[in-house]
**Student:** 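First the structure, which I've put down as structure tokens, then a few questions once you've had a look.
It should be emphasised that the depicted structure is a prediction, and the values quoted were computed from it without experimental measurement.
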Amino acid sequence: LKGVTQMPSAVSLAATFDPALATQYGKVVGSEEHGKGAMVNLGPTVNIDRDPRWGRSFEAYTEDPYLNSALAVADIDGVQSQGEMSQVKHFAVYNQETARNTPADDAIISERAEHEIYLPAFWAATQLAHASSVMCAYSTINGQYACQNNYLLHTTLDQNWAFPGFVTSDYGATHSTVASADAGNDQEMPSADYYGSALEAAVQSGQVAAATLDGMVSRILTELFRFNEFNHPPTGSTSTTVTTPAHQAVSASVAEAGTVLLKNSGG
């Protein structure tokens with residue numbers, strides 16, 4: 001896109017250790033997304049950065065659950081202060097590139113490890129920053145795809161955390177109509193391969209309960225009303241110039257604060 005501010009990577013933001021700066025960063029992102037006509041910012045990425053070969057490392061924060069959580073809250077607060085919904089991603093245990101979006105990328109992990117290492121930033125994003133939505137991941141966790149993973153979506157996000165917002169699949173990460181709908185995946189991205197007419201047929205045949213569909217729609221509408229999207233939808237377009245000198249100053253501040261220079265002095 002043209003007319004936007006080139007922001008430092010999220011890992012550079014994390015290197016500042018500065019939640020206040022993360023909020024400013026989020027405000028720039030939220031303002032420019034909204035100005036381009038987008039309702040939802042697909043971020044931030046809060047996955048634990050445990051393998052430097054992971055292709056998404058640059059857009060994640062750190063390997064530390066506490067720092068991830070603090071930055072996620074500050075970043076999302078900034079984004080959503082601009083009237084832009086934030087979709088925290090990728091839920092969850094998505095930390096490697098090998099065989100992603102296939103059953104071969106199966107993370108075998110205990111519930112304790114999930115909650116102590118991989119989920120704290122998502123908890124903070126949904127419970128403290130009140131992110132509008134969550135994006136489910138490409139990964140397979142304990143034998144179930146993330147976007148139909150009952151433990152992650154139904155037990156954790158819905159039942160234990162009482163998250164009121166909606167869940168969207170990553171690009172092509174939906175693999176089932178019934179299993180995804182039943183687990184709590186509300187939207188399929190980018191096209192209706194498993195939802196759309198397939199979901200309509202599943203509801204009509206009784207494979208997916210009408211109450212399940214009602215819940216999916218309700219969660220999406222809840223956030224659309226919360227952000228007043230019906231009365232005041234974004235008016236910008238992809239051709240709108242949204243960068244400003246103030247935004248560029250924030251970008252420079254993050255780049256400077258996230259860069260460590262070492263110097264020998266004093267003999």
Side-chain angles (χ1 to χ4, degrees), residues 9-11 14 42-73 75-76 86-127 129 131 133-161 163 165-190 193-194:
S9 65
V11 72
L42 302 184
T45 296
V46 303
N47 297 102
I48 291 292
D49 194 3
R50 65 171 299 173
D51 187 340
R53 298 166 298 178
W54 180 44
R56 311 297 287 272
S57 286
F58 72 96
E59 70 176 67
Y61 294 137
T62 79
E63 72 283 3
D64 178 73
Y66 179 81
L67 183 57
N68 273 7
S69 299
L71 293 172
V73 171
D75 193 346
I76 292 166
S86 185
Q87 186 163 110
V88 63
K89 64 186 185 184
H90 309 80
F91 197 66
V93 197
Y94 176 46
N95 315 86
Q96 67 176 16
E97 206 68 18
T98 305
R100 73 174 190 178
N101 209 19
T102 73
D105 174 22
D106 189 10
I108 306 301
I109 184 170
S110 70
E111 291 179 10
R112 177 174 178 175
E114 286 184 84
H115 286 278
E116 291 186 355
I117 299 173
Y118 298 95
L119 297 182
F122 290 100
W123 181 89
T126 57
Q127 305 302 301
S133 50
V134 169
M135 183 187 294
C136 52
Y138 284 131
S139 47
T140 306
I141 305 97
N142 295 327
Q144 280 190 319
Y145 282 116
C147 290
Q148 59 194 61
N149 192 288
N150 277 292
Y151 180 74
L152 285 172
L153 298 183
H154 182 67
T155 302
T156 301
L157 198 60
D158 184 36
Q159 290 189 325
N160 294 345
W161 296 357
F163 177 58
F166 61 93
V167 176
T168 304
S169 76
D170 203 343
Y171 203 95
T174 306
H175 295 276
S176 165
T177 301
V178 177
S180 284
D182 284 347
N185 179 24
D186 304 309
Q187 287 185 333
E188 177 184 15
M189 185 170 65
D193 294 324
Y194 292 95

**Student:** So, taking the atom named CZ in F91 and the one named CG in L119, what distance separates them when rounded to the nearest 0.5 Å?
**Tutor:**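 The CZ atom of F91 sits 5.5 Å away from the CG atom of L119.
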**Student:** State, with a plain yes or no, whether a side-chain heavy atom of Q87 is found less than 4.5 Å away from one of T168.
**Tutor:** yes
**Student:** Strictly distance-based, threshold 3.5 Å: is any side-chain N or O of N149 a donor or acceptor partner for the main-chain N or O of L152?
**Tutor:** yes
**Student:** Just wondering, do W123 and T156 contact through their side chains at under 4.5 Å, heavy atoms?
**Tutor:** no
**Student:** Is there a donor-acceptor contact under 3.5 Å from the side chain of Q127 to the main chain of W161?
**Tutor:**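 Present.
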**Student:** Evaluate the criterion side chain to side chain contact (heavy atoms under 4.5 Å, CB included) for residue pair E114 and F122; output intermediate values, then yes/no.
**Tutor:** CA-CA 11 Å; E114 286 184 84; F122 290 100; over 6 Å; no
**Student:** With rounding to the nearest 0.5 angstrom, report the CG to CD1 distance, N68 to I117.
**Tutor:**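 With rounding to 0.5 Å, CG (N68) is 11.5 Å from CD1 (I117).
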**Student:** Do T140 side-chain atoms and T102 backbone N/O form a donor-acceptor pair below 3.5 Å?
**Tutor:**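 At least one qualifying donor-acceptor pair exists.
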**Student:** If we ignore hydrogens and angles and just use 3.5 Å, is the side chain of E188 paired with the main-chain N or O of Y194 as donor and acceptor?
**Tutor:**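 Checked: pair present.
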**Student:** Counting only N and O atoms by type, is there a donor-acceptor contact under 3.5 Å from the side chain of E97 to the main-chain atoms of R53?
**Tutor:** no
**Student:** Is there side-chain contact between I48 and P65, with at least one heavy-atom pair below 4.5 Å?
**Tutor:**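 A side-chain contact under 4.5 Å exists here.
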**Student:** Any non-hydrogen side-chain atom of N101 less than 4.5 Å from a side-chain atom of H175?
**Tutor:** yes
**Student:** Can you tell if the side chain of N142 reaches within under 4.5 Å of the side chain of Y151, non-hydrogen atoms only?
**Tutor:**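 Result no, sub-4.5 Å side-chain heavy-atom pair not found.
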**Student:** Specify the closest pair of heavy atoms between A92 and A146, including all atoms of both residues, with the distance to one decimal.
**Tutor:** N-CB, 4.3 Å
**Student:** Spell out, as yes or no, whether a donor-acceptor pair under 3.5 Å connects the side chain of S86 to the backbone of G43.
**Tutor:** yes
**Student:** Are M135 and H90 packed together at the side-chain level, in the sense that at least one heavy-atom pair is separated by less than 4.5 angstrom?
**Tutor:** yes
**Student:** Mind checking the CD-SG spacing from Q187 to C147? Nearest 0.5 Å is all I need.
**Tutor:** 11.5 Å
**Student:** Scan side-chain atoms only and decide if D105 and S139 contain a donor-acceptor pair under the 3.5 Å cut-off.
**Tutor:**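 Per modelled atom types, D105 and S139 side chains form no pair under 3.5 Å.
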**Student:** Any chance you could measure D193, atom CG, to T177, atom OG1, to the nearest 0.5 Å?
**Tutor:**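 If we round to the nearest 0.5 Å, D193:CG and T177:OG1 are 9.5 Å apart.
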**Student:** Distance-only, no hydrogens or angles: does the T45 side chain make a donor-acceptor pair with backbone N or O of K89 under 3.5 Å?
**Tutor:**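 A pair under 3.5 Å: no.
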**Student:** Tell me, with the steps shown, if T62 and D49 meet side-chain hydrogen bond (donor to acceptor under 3.5 Å, both in side chains).
**Tutor:** CA-CA 5 Å; T62 79; D49 194 3; over 6 Å; no
**Student:** I'd like to check Y171 versus Y138 (side-chain heavy atoms, cut-off strictly below 4.5 Å). Are they in contact?
**Tutor:** yes
**Student:** Tell me, do W54 and R100 make a side-chain contact under 4.5 Å, heavy atoms counted?
**Tutor:** no
**Student:** State, without any angle test, whether H154 and D182 hold a side-chain donor-acceptor pair at a distance under 3.5 Å.
**Tutor:** no
**Student:** For N95 versus D51, what's the shortest heavy-atom pair and its separation?
**Tutor:**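 Smallest heavy-atom distance, with atoms named: O-CB, 3.8 Å.
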**Student:** Rounded to the nearest 0.5 Å, what separation is found between the CG atom of D158 and the CG atom of L153?
**Tutor:** 9.0 Å
**Student:** Which heavy atom in A121 sits nearest to a heavy atom in A72, and how many Å separate them?
**Tutor:** O-CB, 4.3 Å
**Student:** How close do V93 and N47 get, heavy atom to heavy atom, and via which atoms?
**Tutor:** N-ND2, 4.4 Å
**Student:** How close do P103 and Y145 get, counting heavy atoms only, and between which atoms?
**Tutor:** CD-OH, 3.1 Å
**Student:** Looking only at atom types and distance, does a side-chain atom of N185 sit under 3.5 Å from a main-chain N or O of Q148, one as donor and one as acceptor?
**Tutor:** no
**Student:** Does a donor on one side chain and an acceptor on the other come within less than 3.5 Å for Y61 and D75?
**Tutor:**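 Yes, side-chain donor-acceptor contact under 3.5 Å.
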**Student:** Between D64 and L67, which heavy-atom pair has the shortest distance, and what is it?
**Tutor:**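 D64 and L67 have their closest heavy atoms at OD2-N, 2.6 Å.
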